[in-house]
Amino acid sequence: MKREGTATILHADLDAFYASVEQLLDPSLRGQPIAVGGGVVLAASYEARRCGVRAGMAGWAARRLCPDIRFVGGHFREYQRLADEVMQVFNDFTPLLERVSIDEAFLEVAGAVHLFGPPGRIAAEIRGRVRSEIGLAVSVGVARTKHLAKVASRVAKPDGVVVVDPSREREFLAPLPVGLIWGVGPVTQARLAGRGIHTIGDLAGVSSPILQQMLGTASGTKLASLSANIDPRAIETTRKAKSIGAQAALGARPATRAVVTETIGYLTDRVSGRLRGARRAARTLTVRVRFTGLRSVTRSMTLAAGVSSTVTLTEVAIQLVFQALADHPGERQITLLGLSLSNLIEEPPLQLELPLALPDERLRPGSTVGSARWGVDRSVDAIRDKFGRAAIGYATVVFSGVDRVPEEFRELAEHAGP
DNA sequence: TCTGGGGTCCTAGGACCC
DNA sequence: TCTGGGGTCCTAGGACCC
């Protein structure tokens, strides 16, 4: 069956990125099973993966599987630098580049074929340049849609290229496990397996209504259209963040006012700086409190106006945490606090010229700059309406010592997303 | 001996409005 | 005098991705 369109979308994905960079920087690590991280495996080399080590695994579990494994401290700034260089190489072939994370991107090369040849040749060219100029392996999938290109690059790993001819999409997909589909994780996979669906070919035999019934409307519809190779997503060269957040794992600490105040102060300080830096304000705050045993709850609140003031955000967040704690009186210890800002709006034009992002604002708790007071006061009113007048106090924005995560990693994670 | 940090998207129930 | 339907927004939780 002939399909419309040609395969001009590339998905390029660096192989075992963090681990490969470590091996690039220190030749004695090459060919060795290594992991980046400590308590948790952030990335594992292919040698370590052969023993079953996977990203996200606890450090002790990785050592049990692979006694020879070496844990290396991450050179996070190097990851960022090298990944940026790789993206520059991509950019030499097309400006239609969508960076999905630190180490992968989609490229639309339809307009590049007259300069560089067919997409398969461009893929080879890109791989060659990244290998010779930067020293890293990148796998590339080439297909008619983003979804297919992404599946193809996974099949191409490690260090390979796979081109999916538009006339042979079905036969390419049919034998592959459903887990290769973007968005199908362990839970969905298990649910499908319960109905005897293991491969994408199996999926193609199931009707959309049945899938919707099994997985919910959105997932069901999506899977049905993907297995029919319909994927309307275009390359998006710019994307605006829909939320901004931060979290801090605490080990296990008592759920006291001091711990909450200190941690939230630290988190808001980070997050609101980024918020103002992006010239945005947030209407919705969500806090996450995790207790021992990985039980976690969230509490959120939507304000009448967007807020970007550190002090206001801190006050609201602290109230929300205490609300969560009050709802769970049995929990004596907290292991993580998180803060996320969403419902992001552009800062009103009126405020753009005001020095909202200056450190001054943070250094003067309770004071606001010019007409920014307008937004802040309204929000404070909303809180007082909800929690009473006494709800609002001052927080100290000092975070003492419990932050075990390197600052560079946080910065990296902040930049890693779309 | 249960493990990091940053995100996106979806679902379900309830409040509220017309 | 207590009954319909539709839409939007908010809240809490969860799956998933890198």
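Every chain is numbered from 1 and lettered A, B, ... according to where its sequence line falls, protein lines coming before strand lines.
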Test item: A/Thr284 and A/Leu341 side chains (from C-beta on) under 4.5 Å apart, heavy atoms: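 A side-chain contact under 4.5 Å is absent here.
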
Take the protein atom [atom1] of [X] and the nucleotide atom [atom2] of [N], then report the distance between them rounded to whole Å.
X	N	atom1	atom2	value
A/Leu215	C/dC16	CG	C1'	13 Å
A/Leu285	C/dC10	CG	C1'	14 Å
A/Leu180	C/dC16	CG	C1'	15 Å
A/Phe106	C/dC18	CZ	P	10 Å

Side-chain (A/Arg154) to main-chain (A/Lys157) donor-acceptor, under 3.5 angstrom: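 Pair absent, no side-chain N/O of A/Arg154 close to backbone of A/Lys157.
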
Between CD1 on residue A/Ile197 and OG1 on residue A/Thr188, distance to nearest 0.5 Å: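 If we round to the nearest 0.5 Å, A/Ile197:CD1 and A/Thr188:OG1 are 11.5 Å apart.
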
Consider the side chain of [X], meaning its heavy atoms from C-beta on, and name the nucleotide among [options] that approaches it most closely.
X	options	result
A/Asn343	B/dG4, C/dC18, C/dC10	C/dC10
A/Val187	C/dC16, C/dT11, B/dG4	C/dC16
A/Gln323	C/dA12, B/dC9, B/dG5	C/dA12

Is any side-chain N or O of [X] closer than 4.0 Å to OP1 or OP2 of [N]?
X	N	value
A/Arg299	C/dT11	no
A/Thr298	C/dT11	no
A/Thr188	C/dC16	yes
A/Lys150	C/dC18	yes
A/Thr302	C/dT11	yes

Step-by-step salt bridge (charged side-chain N to carboxylate O under 4.0 Å, His left out) determination, A/Glu262 to A/Arg253: CA-CA 12 Å; A/Glu262 173 186 308; A/Arg253 302 191 68 193; 3.6 Å; yes

Passing option when A/Glu346 is tested against A/Arg283, A/Lys240, A/Arg279 for salt bridge (Lys or Arg N to Asp or Glu O under 4.0 Å):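 By the salt bridge (Lys or Arg N to Asp or Glu O under 4.0 Å) criterion, A/Glu346 pairs with just one of A/Arg283, A/Lys240, A/Arg279: A/Lys240.
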
Closest heavy-atom pair and its distance - A/Ala143, A/Ala149: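 The pair with the smallest heavy-atom distance is CB-N, 3.6 Å.
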
Heavy-atom pair of closest approach, residues A/Met87 and A/Ser101: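 Distance-wise, the nearest heavy atoms are CE-O, 4.4 Å.
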
Consecutive-pair stems (3 or more, Watson-Crick or G-U, under 3.5 Å) for DNA chain C: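 Result, WC/G-U stems under 3.5 Å: B:5-18 with C:5-18.
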
Spacing of the C1' atoms in B/dC17 and C/dG4 (rounded, Å):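 So the two C1' atoms sit 14 Å from each other.
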
Sugar-phosphate only, base, or nothing, as touched by A/Thr217 at under 4.0 Å among non-hydrogen atoms: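 Counting heavy atoms under 4.0 Å across all strands, the contact made by A/Thr217 is with sugar-phosphate only.
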
5'-most by nearest nucleotide on DNA chain C - A/Arg288 or A/Arg283: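 With A/Arg288 and A/Arg283 compared, the 5'-side residue is A/Arg283.
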
Close approaches to DNA chain B from residues 53-70 of chain A, in residue order (heavy atom, under 4.0 Å):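 Under 4.0 Å from DNA chain B: A/Gly56, A/Trp60.
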
Aromatic ring pairing A/Phe76/A/Tyr18, orientation class (parallel under 30°, perpendicular over 60°, tilted between):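 Geometry flag for A/Tyr18 against A/Phe76: perpendicular rings.
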
Carboxylate-amine/guanidinium proximity below 4.0 Å for A/Asp159 and A/Arg131: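 A salt bridge is present here (some side-chain N lies under 4.0 Å from a carboxylate O).
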
